[in-house]
Amino acid sequence: MLRIYGHPHSINVRKVLWLCAELELPYAREDWGGYGRFRPLDTPEFRALNPVGMIPVIDDGGVIVWESNVILRYLAAKTGRHDLLPADPAARAGIEQWMDWQASDFNNSWRACFMGLVRGNPAFDAAAIATSLQQFNAAVGIVDAQLGRNGGHIAGGSFTLADIPIGLAVHRWYSVPMEDARPDYRHVAAYYDRLNTRPGYRAHGRNGSP
């Protein structure tokens, strides 16, 4: 059975849990990480699984994979879900570019405001939070424009692997409190509700956890 290492509050672990729900893939999960709440990531035991010491990690019958978006690609490819991740290079690139953007620019846009306003981390001051909120709103604006052009999902008219990281980041945007009015992104709002029809998103995305 697939084994997943990582606690279920992590947005990156939730990517993998959501995909497992989409694939109806059974798994066993172990709590690791969480800034001291669960088993530590700096132990020799965990570093043997992932030398960079981050969650999630999977063990698929002895095949060890880390980095959340790589895990998504691996599981979709292994199960032959070409609807989620096509074999055609051009179609696949159209999905993977949004996944990689989420892991880099999109994630970096919300880090200070989320950590400061939601997690209460004092390392992020008011100026950093304000800048982060501006950047986060701008990034969600990019998503809104893409959804408006693209028929309802981030990489086209149907659900693909790219919607998992993007959909979780959109939920995080709705979870961050904002003193000013939240931008009225109507395509994002419709997308948020559309994703909520999927049991995996209700369980691991829009589930009350930020």
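Side-chain atoms are counted along with the backbone in the values below, which use heavy atoms only and exclude waters and symmetry mates. This chain uses plain numbering: 1 for the first residue, then up along the sequence.
The CG atom of L168 lies 10.0 Å from the OG atom of S175; values are rounded to the nearest 0.5 Å. Separation of atoms CG (D105) and CD (Q135) is listed at 9.5 Å; rounding is to 0.5 Å. Within the model, atoms CZ of R3 and CG of D59 stand 7.5 Å from one another, a figure rounded to the nearest 0.5 Å. Taking CD1 of I55 as the reference point, atom NE2 of H7 lies at 4.0 Å (rounded to 0.5 Å). Between the CZ atom of R149 and the NE2 atom of H187 there is a distance of 9.5 Å, given to the nearest 0.5 Å. Between atom CE of residue M54 and atom OG of residue S68 there is a gap of 8.5 Å, rounded to the nearest 0.5 Å.
Between E96 and N69 there is no side-chain heavy-atom pair separated by less than 4.5 Å. Residues H171 and L195 form no side-chain contact, since every pair of their non-hydrogen atoms from C-beta on lies 4.5 Å or further apart. Q146 places a side-chain heavy atom less than 4.5 Å from the side chain of W98. F46 has its side chain out of reach of R39: every pair of non-hydrogen atoms, C-beta onward, lies at least 4.5 Å apart. With a 4.5 Å cut-off on side-chain heavy atoms, F106 and V140 count as touching. At a threshold of 4.5 Å between non-hydrogen side-chain atoms, the residues M178 and D180 do not count as touching. At a threshold of 4.5 Å between non-hydrogen side-chain atoms, the residues D83 and S158 do not count as touching. You'll find the side chain of L85 reaches within 4.5 Å of the side chain of R92, heavy atoms only.
Summarising the geometry of P26 relative to E24, their closest heavy-atom pair is CD-O, 3.6 Å, with the distance given to 0.1 Å. Contact between L147 and I154 at its shortest, heavy atoms only, is CD2-N, 3.7 Å. Residues P177 and L133 come closest through the heavy atom pair O-CD2, 4.4 Å. Here the shortest heavy-atom pairing between W66 and I71 reads CA-CD1, 4.1 Å. Between L2 and C20, the closest heavy-atom pair is CD2-SG, 3.8 Å. Heavy atoms only, all atoms of each residue included: I129 and G116 are closest at CD1-CA, 4.0 Å.
Shown here are the side-chain hydrogen bond (donor to acceptor under 3.5 Å, both in side chains) partners of E179, two or more places apart in sequence or in another chain: there are none. Evaluation of the side chain to side chain contact (heavy atoms under 4.5 Å, CB included) rule for R47 yields D42 as partners, not counting sequence neighbours. V70 pairs by the side chain to side chain contact (heavy atoms under 4.5 Å, CB included) definition with V65, E67, R73, not counting sequence neighbours.
More than 12 heavy atoms of other shown residues, nucleotides or ligands fall within 6.0 angstrom of atom CD in Q97.
A chain of hydrophobic side-chain contacts below 4.5 Å, direct or via other Ile, Leu, Val, Met, Phe, Trp or Tyr residues, connects V52 to I58. Residues M1 and L75 fall into different hydrophobic clusters, defined by Ile, Leu, Val, Met, Phe, Trp and Tyr side chains chained together at heavy-atom separations under 4.5 Å.
Seen from the ring of F114, R119 does not count as a face-on cation partner, given the 6.0 Å and 45° thresholds. Because its NZ or CZ atom is not both nearer than 6.0 Å to the ring centre of W18 and within 45° of the ring axis, R202 does not count as a cation-pi partner of that residue.
Ring orientation note: the planes of Y174 and Y192 are close to parallel, at an angle under 30° on the 30°/60° scale.
Side-chain contact annotation: Y191 with D163, donor-acceptor N/O pair under 3.5 Å present. Residues N137 and W173 have side chains that bring a donor and an acceptor to within less than 3.5 angstrom of each other. Checking D31 against Y5 by side-chain atom types alone, no donor-acceptor pair falls below 3.5 Å.
In this structure, R29 contributes its side chain and G6 its backbone to a donor-acceptor pair below 3.5 Å. A donor-acceptor pair under 3.5 Å links the side-chain atoms of R14 to the main chain of G205, judged by distance alone. Listed for the S132 side chain is no donor-acceptor partner under 3.5 Å among the backbone atoms of A128. Remark: the backbone N or O of P56 is not paired with any side-chain donor or acceptor of N12 at under 3.5 angstrom. Judged by distance alone, the side chain of Q102 and the main-chain N or O of I166 form no donor-acceptor pair under 3.5 Å.
Look at D184 and R186 and you find no salt bridge, because none of the NZ, NE, NH1 or NH2 atoms lies under 4.0 Å from a carboxylate O. For E22 and R81, the salt-bridge test fails: no basic side-chain N is under 4.0 Å from an acidic carboxylate O.
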* To do: Would you please test T160 and H153 for side chain to side chain contact (heavy atoms under 4.5 Å, CB included) and show each step?
  => CA-CA 8 Å; T160 70; H153 288 85; over 6 Å; no
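In this structure, W32 has its ring center at least 6.0 angstrom away from the ring center of F38.
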